[in-house]
Amino acid sequence: MKKAILFLLISTLVVMPTGKAQTNVSNKEKIKEQIIALEKSGWEAWKNKDAKWFQSNTTKEFLSVNSQGISNKEQVVKSTATDCNVKSVSLDNFRFVLLNESTVLLTYTTVQEGECGGIKLRKVRASVNYIKQNGKWLEAFYMETPVVE
């Protein structure tokens, strides 16, 4: 009888942490899917010249870094409606890191067809940070680097 109780106790202790780990993995996957969906919708908004997306889905302190320099939220919102003519955008090769419960890092590549200011768009590697503020994921930082092929 003592062996049966000891076995049951050990089995319970082994199973309990496993269940929590599965919950954490599941939660991480949900966050990953949510962030990737947000990022894709941001690119669609940019393609469609929808500045409202950037107004409501970026932090007040948002910064964007690319080969033209550094832009703040106000500059990105203003330029979204005018600067580029984009025919298509495709995102791929996602890498996701949950830094803590309210901060994530996402990197990916994007292939774009179109032009900005007369310059043909190129394939880029993008890195973004999202933070959770008041229960909502907001993009805080975006950076892109042209991919040399």
Side-chain angles (χ1 to χ4, degrees), residues 10-149:
I10 291 171
S11 297
T12 302
L13 292 174
V14 168
V15 171
M16 285 176 61
T18 304
K20 184 171 174 144
Q22 288 174 346
T23 302
N24 287 342
V25 169
S26 176
N27 190 43
K28 181 180 175 183
E29 284 302 312
K30 286 179 186 176
I31 294 170
K32 178 181 177 181
E33 289 173 13
Q34 185 179 12
I35 297 300
I36 289 172
L38 268 170
E39 193 62 14
K40 286 181 177 181
S41 69
W43 278 89
E44 279 300 309
W46 176 67
K47 183 183 91 159
N48 297 325
K49 300 183 180 195
D50 176 11
K52 290 179 187 175
W53 187 94
F54 297 94
Q55 189 66 42
S56 61
N57 289 288
T58 56
T59 63
K60 184 172 66 170
E61 303 82 8
F62 174 77
L63 289 177
S64 175
V65 179
N66 60 30
S67 60
Q68 284 77 43
I70 300 172
S71 303
N72 63 25
K73 179 175 185 163
E74 181 181 322
Q75 293 165 321
V76 170
V77 169
K78 185 177 178 182
S79 69
T80 298
T82 59
D83 286 354
C84 301
N85 293 311
V86 184
K87 296 177 184 174
S88 68
V89 175
S90 173
L91 283 63
D92 199 12
N93 302 315
F94 294 100
R95 297 206 176 140
F96 176 85
V97 179
L98 183 63
L99 299 171
N100 62 40
E101 294 165 356
S102 61
T103 310
V104 301
L105 168 66
L106 180 69
T107 68
Y108 56 91
T109 55
T110 182
V111 177
Q112 314 159 74
E113 184 182 348
E115 57 86 20
C116 286
I119 299 170
K120 184 180 176 185
L121 294 171
R122 299 177 55 186
K123 181 177 182 179
V124 298
R125 163 116 345 244
S127 301
V128 294
N129 283 108
Y130 277 84
I131 62 172
K132 198 168 197 177
Q133 290 184 340
N134 300 317
K136 182 177 180 180
W137 287 103
L138 299 173
E139 190 169 340
F141 180 76
Y142 171 85
M143 185 169 141
E144 68 179 33
T145 305
V147 173
V148 180
E149 297 184 281

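The residues of the chain are indexed from 1 along the displayed sequence. This structure is a prediction, so every number in the text was calculated from the model and none was measured.
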Pairwise distance [atom1]([X]) to [atom2]([Y]) - rounded to 0.5 angstrom:
X      : Y      : atom1 : atom2 : answer
Asp50  : Thr80  : CG    : OG1   : 8.5 Å
Lys32  : Leu98  : NZ    : CG    : 11.5 Å
Glu39  : Gln34  : CD    : CD    : 13.0 Å
Lys40  : Ile35  : NZ    : CD1   : 13.5 Å
Leu91  : Thr110 : CG    : OG1   : 4.0 Å
Met143 : Ser127 : CE    : OG    : 6.5 Å

Could you pull out the closest heavy-atom pair between [X] and [Y], with the gap in Å?
X      : Y      : value
Arg122 : Gln112 : O-NE2, 2.7 Å
Val86  : Lys47  : O-CG, 3.5 Å
Arg125 : Val147 : N-CG2, 3.5 Å
Ser71  : Val76  : CB-CG2, 3.8 Å

Mark yes or no for whether Asn66, through its side chain, and Gln68, through its backbone, hold a donor-acceptor pair below 3.5 Å.
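Present.
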Does Thr107 reach the main-chain N or O of Ala126 with its side chain, forming a donor-acceptor pair under 3.5 Å?
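Side chain of Thr107 to backbone of Ala126, a donor-acceptor pair under 3.5 Å: no, none is there.
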Take a 6.0 Å sphere around CD of Glu115 and say whether it holds more than 12 heavy atoms from other residues, nucleotides or ligands.
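Yes - once you tally the heavy atoms of other residues, nucleotides and ligands closer than 6.0 Å, there are more than 12.
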Hydrogens and angles aside, do Lys49 and Asn85 bring a side-chain donor and acceptor to less than 3.5 Å of each other?
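There is such a pair between these side chains.
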Before you tell me yes or no, could you show the steps for Thr59 and Phe141 under side chain to side chain contact (heavy atoms under 4.5 Å, CB included), namely the whole-Å CA-CA distance, both residues' side-chain angles and the distance that decides it to 0.1 Å?
CA-CA 9 Å; Thr59 63; Phe141 180 76; over 6 Å; no
Worked check of side chain to side chain contact (heavy atoms under 4.5 Å, CB included) between Trp53 and Trp46:
CA-CA 8 Å; Trp53 187 94; Trp46 176 67; over 6 Å; no
Kindly determine whether Lys123 and Thr109 satisfy side chain to side chain contact (heavy atoms under 4.5 Å, CB included), including the steps that lead there.
CA-CA 7 Å; Lys123 181 177 182 179; Thr109 55; 4.1 Å; yes
One pair to check against side chain to side chain contact (heavy atoms under 4.5 Å, CB included): Leu99 and Asn129. What are the steps and the verdict?
CA-CA 10 Å; Leu99 299 171; Asn129 283 108; 4.0 Å; yes
Within residues 91-134 or reaching into it, pairs that qualify as disulfide bond (SG atoms under 2.5 Å apart) - sequence neighbours excluded:
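Found Cys84-Cys116.
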Residues two or more places apart in sequence or in another chain: which of them pass side chain to side chain donor-acceptor pair (under 3.5 Å) with Lys73?
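Listed in chain order: Thr58.
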Tell me, which pairs form a ring-ring contact (aromatic ring centres under 6.0 Å, His included) where one or both residues lie in residues 76-101, sequence neighbours left out?
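Sorted pair list: Phe94-Tyr108.
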Taking the side chain as every heavy atom from C-beta outward, state whether [X] and [Y] have any atom pair closer than 4.5 Å.
X     : Y      : value
Ile31 : Trp137 : yes
Gln75 : Asn72  : yes
Asn57 : Lys136 : yes

Going by an N to O cut-off under 4.0 Å, is there a salt bridge joining Lys30 and Glu33?
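Glu33 and Lys30: not salt-bridged.
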